[in-house]
2 protein chains.
Amino acid sequence: MNKQAASEKPYHHGDLHEKILCSACELLEENTVSSLSLRAVAKKVGVSHTAPYRHFKDKESLLAGIAAVGFDRLSAQLADAVAAFPDDPATQLQEAGHRYVQLALECPQCTQLMFGGILPCDDTYPALRASGDAAFDGLKQIIEDGQASGAFKTGDIELLALTAWSAIHGLSLLLVSGNLPEILSSMIDNRALTSAVTTTMLEGLKAHHSDI
Amino acid sequence: MNKQAASEKPYHHGDLHEKILCSACELLEENTVSSLSLRAVAKKVGVSHTAPYRHFKDKESLLAGIAAVGFDRLSAQLADAVAAFPDDPATQLQEAGHRYVQLALECPQCTQLMFGGILPCDDTYPALRASGDAAFDGLKQIIEDGQASGAFKTGDIELLALTAWSAIHGLSLLLVSGNLPEILSSMIDNRALTSAVTTTMLEGLKAHHSDI
DNA sequence: ACCTGAACACCGTTCAAGT
DNA sequence: ACCTGAACACCGTTCAAGT
């Protein structure tokens, strides 16, 4: 009795689940996502290499947990971009693009994990899928607001959102993967690259007032 | 004497280098790029698991060989797109986009290998880098022609090329990695998705005739 | 309930040794 | 010159066993 509420997970370590996830996140960015080993995570936490199996079904399940956190961070950045420029969907979209690229550059390995086709995107990991969908919903909302205010051209919201997403996603992954040719990657300011992409992208999304 | 010319590599197997590369390409698409093992390639070729080391420095070196082939295929598709619509840069760019996406969908694992940050893009593999740069040069040429003919807006060629590339690259990787939300991935026709992206992208690239 | 250690089947890579 | 086999240090995962 006196079980001190229902939420307890003491015994040998504190919240091992959380500790493992946290350490994994750190180790992930120290190297390549494919070089992250469950055994190394366990060693870093200070626990036997089989202990993580009490908290994650397997390695992939742990990776899914990390990726979900990444998508949540992305959603948060999107929300901040919207809040920063109320009632200005065009600027919101541009700001969202900048933050998307910035986040990708800050945690490149996590970005690869989220978008590198490493994890299944079906319903194997519902939490992961939910986090990913939430991020896309945030983007759709900006497009919808822009259409409502007449700033963006009309058309299928999903398709317009996909277009904006593709542009900024492509740039992000090209930066993260290092596939840009020397001329571009030697540009001091990544913000200039992002601006070039978002500006042209916005140009294509804008309503053509000559059509009215 | 009578050495039958200079090009000989008989002994036990024919051109083992080529056989390994070829088998690796096939095995690659049968599974994930990260699950491709050198030992499995050797077994498929019918040779001991250390034999590949006579022809490739290590596993990464073999992967770089595969990726270079991928970039060459991309360049070829670009060239075909240009040839198909002479003197029409806008249509060339759209066609190039379609072929880029199509190629990515045909060999998703090779695409991940080429763009997944698995290989170093510095001068570690000169052939790989050269193949990659060649593909980008093809794209730049389309942009340049479009500017010359007045179809595209003026501006830094590299930046405009990057913009076009980002849009189509982003779509390709989103398709290949499976990160699209259900609504979009359930669309029967990927060509419709590609058209949506390329059309809006072209809209942003076009010269604004009202500016003249 | 939570963790450990031995064990298994796989890796990539090296190296002495065979033809 | 080209290939092999044993060996090493790593994996992920399972399972009986400990507290």
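Only a predicted model underlies this, so the values are computations on that prediction, with no experimental measurement involved. In what follows, every chain begins at residue 1, and chains take the letters A, B, ... in the order their sequences are listed.
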Against the side chain of B/Leu16, the closest entry in D/dC3, D/dG12, C/dT4 is D/dC3
Here the distance between atom P of C/dC3 and atom CG of A/Asp15, to the nearest Å, is 10 Å
Separation of D/dT4 atom P from B/Lys43 atom NZ, nearest Å, is 14 Å
Out of D/dC11, C/dC3, C/dT13, minimum distance to the side chain of A/His55 belongs to C/dC3
Contacts of B/Glu95 meeting salt bridge (charged side-chain N to carboxylate O under 4.0 Å, His left out) (sequence neighbours excluded), chain-then-number -> B/Arg99
To the nearest angstrom, the CG-P distance between B/Leu62 and C/dT13 comes to 10 Å
Considering only heavy side-chain atoms of B/Arg54, the closest of D/dT13, D/dC3, D/dC11 is D/dC3
Sorted by chain and residue number, the side chain to side chain contact (heavy atoms under 4.5 Å, CB included) partners of B/Asp72 (sequence neighbours excluded) come out as B/Ser131
Margin query: Within the supplied structure, the quantity of interest is the number of heavy atoms (other residues, nucleotides, ligands) at a distance under 6.0 Å from A/Glu60 CD; does it exceed 12?
Written below: yes
When rounded to whole Å, the NZ to P distance for the pair A/Lys59 and C/dC10 reads 17 Å
Closest non-hydrogen atoms of B/Ala24 and B/Leu36, given as atom of the first, atom of the second and distance, are O-CD1, 4.1 Å
Residue set satisfying side-chain hydrogen bond (donor to acceptor under 3.5 Å, both in side chains) with A/Thr163, at least two apart, ordered chain then number -> none
Salt bridge (charged side-chain N to carboxylate O under 4.0 Å, His left out) filter on A/Glu29, not counting sequence neighbours, yields none
Taken to the nearest whole Å, CG/B/Leu63 to P/C/dC11 is 14 Å
Note on DNA chain C: ranges paired as stems (three or more Watson-Crick/G-U pairs in a row, both atom distances under 3.5 Å) are C:4-8 with D:12-16, C:12-16 with D:4-8
Here the ring pair (Phe, Tyr, Trp, His ring centres under 6.0 Å) pairs for residues 117-140 of chain A, sequence neighbours left out, are A/Phe136-A/Trp165
Between protein and nucleotides 5-8 of chain C, what N or O pairs are separated by less than 3.5 Å?
| residue | atom | partner | partner atom | Å |
| --- | --- | --- | --- | --- |
| C/dG5 | O6 | A/Thr50 | OG1 | 3.3 |

Applied to residues 164-181 of chain B, the salt bridge (charged side-chain N to carboxylate O under 4.0 Å, His left out) test, sequence neighbours excluded, yields none
Contacts of A/Thr91 meeting side chain to side chain contact (heavy atoms under 4.5 Å, CB included) (sequence neighbours excluded), chain-then-number -> A/Phe85, A/Asp88
Here the distance between atom P of C/dT14 and atom NZ of B/Lys57, to the nearest Å, is 8 Å
B/Asp58 atom CG is separated from C/dT14 atom C1', nearest whole Å, by 13 Å
In numerical order, the residues of residues 114-122 of chain A whose heavy atoms come under 4.0 Å of DNA chain C are none
Residue pairs meeting ring pair (Phe, Tyr, Trp, His ring centres under 6.0 Å), one or both in residues 49-70 of chain A, sequence neighbours left out, come to A/His17-A/Phe56
From CZ of A/Phe56 across to P of D/dT13 the rounded distance in Å is 13 Å
With sequence neighbours left out, the residues meeting ring-ring contact (aromatic ring centres under 6.0 Å, His included) with A/Phe115 are A/Phe71, A/His169
